[in-house]
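Read the structure below first, then the notes.
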Amino acid sequence: MPRIKIKEALELQPTPNINVKGWVRAFRSNRFIALNDGSYIHSIQIVLEDEKIPEEIVRKISIGAALSVKGALVESLGKGQKVEVLAEEIEVLGEANPEEVQKTILQPKKHSLEKLREQAHLRFRTNLFGAVFRIRHAMAFAIHNYFNKNGFYYLHTPIITGSDAEGAGEMFKVTNLPLENIPFNEEGKVDYSKDFFGKETNLTVSGQLEAELGAMALGQVYTFGPTFRAENSNTSRHLAEFWMIEPEVAFADLNDDMALSEDFMKYLIRYALENCKDDLAFLMQRELNEDKQKPKAQRNEMNLIERLEFIVTNDFERISYTEAIELLQRSKPYKKNKFKFPVEWGVDLASEHERFLVEKQFKKPVIIYDYPKEIKAFYMRNNDDGKTVAAMDVLFPGIGEIIGGSQREERLDVLKEKIKDFNIEEEHVWWYLDTRKFGTAPHAGFGLGFERLIMFVTGMTNIRDVIPFPRTPKNAEF
RNA sequence: GCUUCUUUAGCUCAGCUGGUUAGAGCACCUGACUGUUAAUCAGGGGGUCCAAGGUUCAAGUCCUUGAAGAAGCGCCA
């Protein structure tokens, strides 16, 4: 008798012989087992009849134990489920000592997210994290699906990089030099010629520059991989190791880029609505229960599924940076002096300003484009006004910046000028400049923070709860 | 990195202006229970009050420093 997944078993008509395997979530009245195998948010109920199962087996059944159960799938006499399994034979594959289980988050009670994070190796066993990580998988799958359907190629850019030009943040050094006996050169600096790669190397902060190289031949490419930032960021939406999706498209301008980002986000969210119904229903209910404990002002105006449907059915607002500044200067909080940070042309928008635009003014995703060139990266294309670059940020309610992108500077002379202004040495990016020498063309792309997407789709409010093993300052456990 | 808050039983928390033996619910253990689904009922065990130092006759409680966690800010995705 082959084992069948609990998700499938729950959809079957009654049948005399099935085998399910899973972990015990609850054992009530010495008679009812809730068994979960991760295939589904719901568990299946196993019923022990009379004295069919030997006492020494029953004694080993406790929360957390792994079981293989053979028996008949029958209509349930109880109210909580349609079908259940009358156990004929139970094999305890792995026991779980209750006194030790008690010290873990396996104990069947409500745990704080902080406590669950401390036991990240076990939190997969909870309904909440089961739902989150099934959705994380579905979103990764949908991303590949979207790009594949639209003629993009998945490009693997290096994780160890010799490029330090991106300027997206502090980098983690990669070395196998002996730290207790570092070789120095005549100038007293670290002699990287003796290092593994013969030069200074780091973990990547972005695959974009390499993705551009691919796009300038393959036409449309995307990266989807881990990214590393050694910033001392202590917030609920930053990780030192996170996953980023970076499409790059040849013969595209900023408008094409914005259109792609909107279509892409809508596709992913629609995919979740259509393919993760049960997990989303669970997460929505959980959020509603949490909200009941909160004062009205802090509750969500729409529930999780309503928020997702809203994204799919409404257009993103698009305004230029200049318009955004003017709008903020006409806003109530500005006039009442409620903003802590200055609002004037040339400064970067602070969280409070982005929040106002997204959550108060428009109440939907907002794309802000054409930023002052001084506050953006060297590779972004100069606009004709001489002041701005063809950059765009997609801001999502509750998350803030979820996507950052731009049309890239394709004109060799302008790019060289920009590189000089940003104090980057040309010989470090000779390979990047080559694409502008040999058949340069307009192109554009963006970066989507995968975990920020998962936060939005699941309604989780801390980024550490949407990645299995979060890497943050002072934390690299597991 | 900055600001604020938190740290007491396995978990979630209470513990007042410093004062005798530090409490509750859940969990755990023992027993009862053949339709439970946050099972229920009876009984029981369980504490380095985050760490170090200080003030005091007396510190879980006050002070200093540190650590860890959270929220917000900055950096960004």
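None of these values were measured; they are calculated from a predicted model. Labels below follow one simple rule: chain letters A, B, ... track the order of the sequence lines, proteins then strands, and each chain is numbered from 1.
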Subject >> Separation of A:Met244 CE from A:Phe224 CZ (nearest 0.5 Å) >> reply: 11.5 Å
**OP:** Quick one: label A:Gly78 by what it contacts on the DNA or RNA (base, sugar-phosphate, nothing), any heavy atom closer than 4.0 Å.
**Re:** base
Original post:
Cut-off 3.5 Å, side chains only: do A:Glu84 and A:Ser76 have a donor facing an acceptor?
Top reply: yes
**OP:** Check whether the side chain of A:Arg237 and the base of B:rA77 form a donor-acceptor pair under 3.5 Å.
**Re:** no
**OP:** Rounded to whole angstrom, note down the C1' distance from B:rG43 over to B:rA68.
**Re:** 38 Å
Original post:
Looking across every strand, which nucleic acid part, if any, lies under 4.0 Å from A:Asn462 by heavy atom: base, sugar-phosphate, or nothing?
Top reply: sugar-phosphate
Original post:
Looking for any heavy atom pair under 4.0 Å, which part of the strands does A:Gln81 touch: base, sugar-phosphate only, or nothing?
Top reply: base
**OP:** Identify, between A:Ile403 and A:Lys474, the residue whose nearest nucleotide on RNA chain B lies closer to the 5' end.
**Re:** A:Lys474
**OP:** To the nearest Å, give me how far apart CZ (A:Phe27) and C1' (B:rG35) are.
**Re:** 14 Å
Subject >> Closest to the A:Gln107 side chain, choosing from B:rA27, B:rG69, B:rC29 >> reply: B:rA27
Subject >> Donor/acceptor link under 3.5 angstrom from A:Ser233 side chain onto base of B:rC75 >> reply: yes
Original post:
Considering only heavy atoms and no angle criterion, is a donor-acceptor pair shorter than 3.5 Å present between the side chain of A:Lys109 and the base of B:rC11?
Top reply: yes
**OP:** Under 4.0 Å between any heavy atoms, over every strand shown, what does A:Glu84 touch: base, sugar-phosphate, or nothing? Just pick one.
**Re:** base
Original post:
Hey, which of A:Glu118, A:His111, A:Gln119 is the one that makes side-chain hydrogen bond (donor to acceptor under 3.5 Å, both in side chains) with A:Lys115?
Top reply: A:Glu118
**OP:** Take atom P in B:rU7 and the same atom in B:rG15, then report the distance between them in whole Å.
**Re:** 10 Å
Original post:
Checking only heavy atoms, does the side chain of A:Glu99 share a donor-acceptor pair with the base of B:rG45 at less than 3.5 Å?
Top reply: no
**OP:** Assign A:Arg464 to base, sugar-phosphate, or nothing according to its heavy-atom contacts below 4.0 angstrom with the strands shown.
**Re:** sugar-phosphate
Original post:
In whole Å, what separates the C1' atom of B:rG74 from that of B:rC28?
Top reply: 46 Å
Original post:
NA contact type, A:Leu77, heavy-atom cut-off 4.0 Å: base, sugar-phosphate, or nothing?
Top reply: base
Original post:
At under 4.0 Å between heavy atoms, what does A:Ser112 touch on the DNA or RNA strands: base, sugar-phosphate, or nothing?
Top reply: sugar-phosphate
Original post:
Say you pick atom P in B:rU21 and the same atom in B:rA59; how far apart are they, in whole Å?
Top reply: 12 Å
**OP:** Mind calculating the distance between CD (A:Glu248) and P (B:rA77) to the nearest angstrom?
**Re:** 13 Å
**OP:** Indicate, with yes or no, if the rings of A:Tyr222 and A:Phe264 have centres closer together than 6.0 Å.
**Re:** no
Original post:
Where the side chain of A:Val47 is concerned, which of B:rC73, B:rG35, B:rU36 is the nearest nucleotide?
Top reply: B:rG35
Original post:
Is there a donor N/O on one and an acceptor N/O on the other, under 3.5 Å, for the side chain of A:Arg452 and the base of B:rC76?
Top reply: yes
**OP:** Determine whether any donor atom in the side chain of A:His111 lies under 3.5 Å from an acceptor atom in the base of B:rC11, or the reverse, and answer yes or no.
**Re:** no
Original post:
A:Trp243 has an atom CH2; how far is it from atom P of B:rC76, in whole Å?
Top reply: 24 Å
Original post:
Base, sugar-phosphate alone, or nothing: which one does A:Phe341 contact when heavy atoms must sit under 4.0 Å apart?
Top reply: sugar-phosphate
**OP:** Could you check how far CD of A:Glu231 sits from P of B:rG1, rounded to whole Å?
**Re:** 12 Å
**OP:** Identify whether any heavy atom of A:Ser76 sits under 4.0 Å from a base atom; if not, whether one sits that close to sugar-phosphate; answer base, sugar-phosphate or nothing.
**Re:** base
Subject >> Out of B:rA71, B:rC76, B:rG1, whichever nucleotide has its closest atom nearest the side chain of A:Arg229 >> reply: B:rC76
Original post:
In whole Å, what is the span from the CD1 atom of A:Ile399 to the C1' atom of B:rC76?
Top reply: 14 Å
Original post:
What is the distance from CD of A:Glu477 to P of B:rA68, rounded to the nearest Å?
Top reply: 13 Å
**OP:** Could you state the atom-to-atom distance from CG of A:Asn36 to C1' of B:rU37 in whole Å?
**Re:** 14 Å
Original post:
So what does A:Glu100 touch, heavy atoms closer than 4.0 Å: a base, only the sugar-phosphate, or nothing?
Top reply: nothing
Original post:
Checking all strands, does A:Lys79 fall into the base, sugar-phosphate, or nothing category for heavy-atom contacts under 4.0 angstrom?
Top reply: base
Subject >> Nucleotide nearest A:Glu114 (side chain, heavy atoms from C-beta), chosen from B:rA70, B:rG74, B:rA27 >> reply: B:rA70
**OP:** Find the distance A:Asn127:CG to B:rU37:P and express it as a whole number of Å.
**Re:** 17 Å
Original post:
Would A:Phe124 and A:Phe133 count as a close aromatic pair, with their ring centres under 6.0 Å?
Top reply: yes
**OP:** Check every strand shown and say whether A:Gln102 touches a base, only sugar-phosphate, or nothing at a heavy-atom separation below 4.0 Å.
**Re:** base
Original post:
Is the distance between the ring centroids of A:Tyr146 and A:Tyr271 less than 6.0 Å?
Top reply: no
**OP:** Return yes if the base of B:rU34 and the side-chain atoms of A:Glu49 contain a donor-acceptor N/O pair under 3.5 Å, otherwise no.
**Re:** no
Original post:
Does a side chain donor of either A:Ser406 or A:Arg408 reach within less than 3.5 Å of an acceptor in the other side chain?
Top reply: yes
